[in-house]
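Inspection log for the structure reproduced underneath, given as structure tokens.
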There are 2 protein chains.
Amino acid sequence: MDRPRTDKRTIIRRRQKEQKEELRAHILRTAGQLFVELGYSNFSMRKLAERIGYSPATLYVYFRDKDDLLFLVVDDAFMRFTERLEAAASGGTDMWERLGRLGEAYVTFGLEHPAYYQLMFMWRIDYLMEPQGIQKIPRVQAFDVLLRTVRDAMEQGVLRAESPETASDLLWAAMHGIVSLSIQMPMFNQQRTEKLMRHAMEMLYKALHS
Amino acid sequence: MDRPRTDKRTIIRRRQKEQKEELRAHILRTAGQLFVELGYSNFSMRKLAERIGYSPATLYVYFRDKDDLLFLVVDDAFMRFTERLEAAASGGTDMWERLGRLGEAYVTFGLEHPAYYQLMFMWRIDYLMEPQGIQKIPRVQAFDVLLRTVRDAMEQGVLRAESPETASDLLWAAMHGIVSLSIQMPMFNQQRTEKLMRHAMEMLYKALHS
DNA sequence: TCCTTTAAGTGAACACAGTTCAATTAAAGT
DNA sequence: ACTTTAATTGAACTGTGTTCACTTAAAGGA
């Protein structure tokens, strides 16, 4: 039997694999930071390589290309986004209040992470559709949270609309409009944004609450 | 006296100037087309140079840099945008109806010219603020149309809101949200977009009409 | 211990980008 | 015919994403 040998070998193999994944994760983390620091248009593979202390070519051992890398960075952002939405939409019994907290969480995330929000929803929308088949990815789960909450609110009778899909599209468009303007337009300072958000909430209440 | 000489000279000078401005205008037109064809990320000065049959360096005789050129292209788009809004918001006496047509014109422009809309409101927002002082530029006039229409509607008593500024922010965010989602998200096909627009109009009516 | 195999990492190159500037060319002025 | 002026550009510089043959070092096997 070659038990000890095989053990040793597999242990080493595992350690190698772990080290590789560690470096991969390190690259991803650093990419996220650098991206936030520099913005989309100034982020480059070569700068990232310099930051982590490897040659540019090394990045291509760990990631297919720049798109692949940024896609994974965005994936992470979507996970955190979805978590926040889920946390906001759960707890409490009044579905209308939950819906309000969901909207606030959406806007807050966008304002706190403008670079990510832009990458997620404004600049690289193609990322949303990359793996063409499945719906299990974080990207789509975020919409599910919204849709589920709206559906619950309609079932509980506090929200009236033609359909859950229609209502969630409406809410999404409203929140997206607010975040987009706020993080892009320089004239939208904090108080103007807050005022807009407050009035949007009132409007949605008047139009959709029952 | 050197009258004839001077006349001849000025005529030639003018012709030269005209030719130069003609070429400049030609470059701008071609840049607009090429930009729509290729999209923001694939548009390049070198491709534009090849298209017009000059060397890349020539472009820098007529324009400071790529930003300067694209800024002027966007300027043109903003002019057409403002014209459309103004045409929609005038004519007819019912201010609420005018406001509705204004919103529809906004969305229609975005859907018809997605490449321009993205450049105007999503990718290069810095263009909105370039010449830091004045408000005479087309960019800002578009907002004026909205603000004026809202103000008129409030004065006529068909729109109730805390202030014209608040109401126009709200309308802008709603329209921008609809356009953004529609031109970026692949799942928003024509009928989903139309449905969203219809419901948004209903919502605005319920919340703001009086 | 020596040799072989495997895999991580990279130097150098390619094509493309925006931009600059000295040199070229052609037209206008004298 | 000579000089001045203005338009145009070739060639270069820096920076980008990406590839691939090559180096280097560790692991496996004798």
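Letters A, B, ... are given to chains in the order of the sequence lines, protein chains preceding strands, and every chain is numbered from 1.
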Open item on the list: If I take atom CZ in residue R64(A) and atom C1' in nucleotide dT18(D), what distance separates them, rounded to the nearest angstrom?
Closed with: 13 Å
TODO: Please tell me which of the listed nucleotides, dT18(D), dT19(C), dT10(C), lies nearest to the side chain of M45(B)?
DONE: dT19(C)
Open item on the list: Quick check on the 6.0 Å ring-centre criterion: do Y62(B) and Y54(B) meet it?
Closed with: no
Task: E112(B) bridged to R80(B) by N-O distance under 4.0 Å - done: no
Task: Minimum-distance nucleotide (side-chain atoms of A57(B) versus dT8(D), dT20(C), dT10(C)) - done: dT20(C)
- [ ] To the nearest Å, give me how far apart CG (L69(A)) and C1' (dT16(D)) are.
- [x] 15 Å
- [ ] To the nearest Å, give me how far apart NZ (K66(A)) and P (dT19(D)) are.
- [x] 14 Å
- [ ] Round to the nearest Å and state the distance from L59(A) atom CG to dT19(D) atom P.
- [x] 12 Å
Open item on the list: Please tell me whether F71(B) and F78(B) form a close aromatic pair, meaning their ring centres lie under 6.0 Å apart.
Closed with: no
Task: Out of dA7(D), dT8(D), dG17(D), whichever nucleotide has its closest atom nearest the side chain of K20(B) - done: dA7(D)
Open item on the list: Just the rounded figure in Å: distance from C1' of dG17(D) to CG of L70(A).
Closed with: 12 Å
Task: Lys/Arg N to Asp/Glu carboxylate O, R101(A) vs E97(A), below 4.0 Å - done: yes
Task: Most 5' of L23(A) and S44(B) on DNA chain C, judged by nearest nucleotide - done: L23(A)
Open item on the list: It should be established whether K47(A) places a side-chain nitrogen or oxygen under 4.0 Å from OP1 or OP2 of nucleotide dT16(D).
Closed with: yes
TODO: Report the nucleotide, chosen from dA8(C), dG17(D), dG10(D), that has the shortest atom-to-atom distance to any side-chain atom of Y62(A).
DONE: dA8(C)
Task: Protein-nucleotide distance (Y54(A), atom OH; dA7(C), atom C1'), rounded to Å - done: 14 Å
- [ ] Calculate the interatomic distance between L38(A) atom CG and dG15(D) atom P; express it in whole Å.
- [x] 14 Å
Open item on the list: Quick check: any donor-acceptor pair below 3.5 Å linking the side-chain of R46(A) to the base of dG17(D)?
Closed with: yes
TODO: Tell me whether the guanidinium CZ or amine NZ of R84(A) lies under 6.0 angstrom from the six-membered ring centre of F81(A) and within 45° of its axis.
DONE: no
Open item on the list: So T58(A), base contact, sugar-phosphate only, or nothing? Heavy-atom distance under 4.0 Å.
Closed with: base
TODO: In whole angstrom, give the distance that lies between atom CD of E50(B) and atom C1' of dA17(C).
DONE: 14 Å
Task: Which nucleotide in dT10(C), dG18(C), dT8(D) has an atom nearest any side-chain atom of Y60(B) - done: dG18(C)
